[in-house]
Amino acid sequence: LRVHPGHISRLFARQSGETFAAFVLRARLARALYLLGDPALNISEVAFQSGFTSPSHFAHVFKKRYGLTPNGWRARQTTDNLKRKMSDFA
């Protein structure tokens with residue numbers, strides 16, 4: 001069966017409401033968010049394990065999507081978690 005990739009892409013977009021490339025990027029960023037919760041992984045490891053071929057491209061795409069660098073997001077999560085834990089003692 002020979003089907004043109006463009007045709008499959010259009011069918012995917014019609015059914016899902018997003019392009020295949022947008023879907024893959026969203027999945028990679030979701031994986032990155034999960035991996036950023038592991039402080040044992042550095043940002044390059046998170047990038048590669050999320051399917052990005054370049055840590056700098058990963059950082060650029062991440063910041064464009066979330067408004068923070070991956071390190072900034074990780075720091076904010078750590079601070080937010082600490083505040084929640086401290087509020088248990090208030």
Taking the side chain as C-beta and beyond, is there a heavy-atom pair between [X] and [Y] under 4.5 Å?
X     : Y     : result
Leu35 : Ser50 : yes
Leu36 : Asn71 : no
Phe48 : Pro55 : yes
Phe58 : Ile43 : yes
Phe23 : Ser16 : no
Leu11 : Gln15 : no

For [X] and [Y], indicate whether the former's side chain and the latter's backbone hold a donor-acceptor pair under 3.5 Å.
X     : Y     : result
Glu45 : Asn42 : yes
Thr79 : Ala75 : yes
Arg10 : Thr19 : no

**Study point:** Nearest-0.5 Å distance, CZ of residue Arg74 to CG of residue Leu41
**Key:** 6.5 Å
Exercise for review: Find the distance between CZ (Phe52) and OG (Ser44) and round it off to the nearest 0.5 Å.
Suggested key: 13.0 Å
Exercise for review: Give a yes or no on this: more than 12 heavy atoms of other residues, nucleotides or ligands lie within 6.0 Å of atom OH of Tyr66.
Suggested key: yes
**Study point:** Verdict with reasoning, Lys63 to Leu68, per side chain to side chain contact (heavy atoms under 4.5 Å, CB included)
**Key:** CA-CA 5 Å; Lys63 186 171 182 177; Leu68 292 168; 5.9 Å; no
Only pairs under 3.5 Å count here: list side-chain donor-acceptor contacts from residues 24-31, not counting sequence neighbours, and write none if there are none.
from	atom 1	to	atom 2	distance (Å)
Arg26	NE	Glu18	OE1	3.3
Arg26	NE	Glu18	OE2	3.4
Arg26	NH2	Glu18	OE2	2.5

Check your understanding: For Pro39 and Gly37, which heavy atoms make the closest approach, and how far apart are they?
Key ->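 Residues Pro39 and Gly37, closest heavy atoms: CD-O, 3.2 Å.
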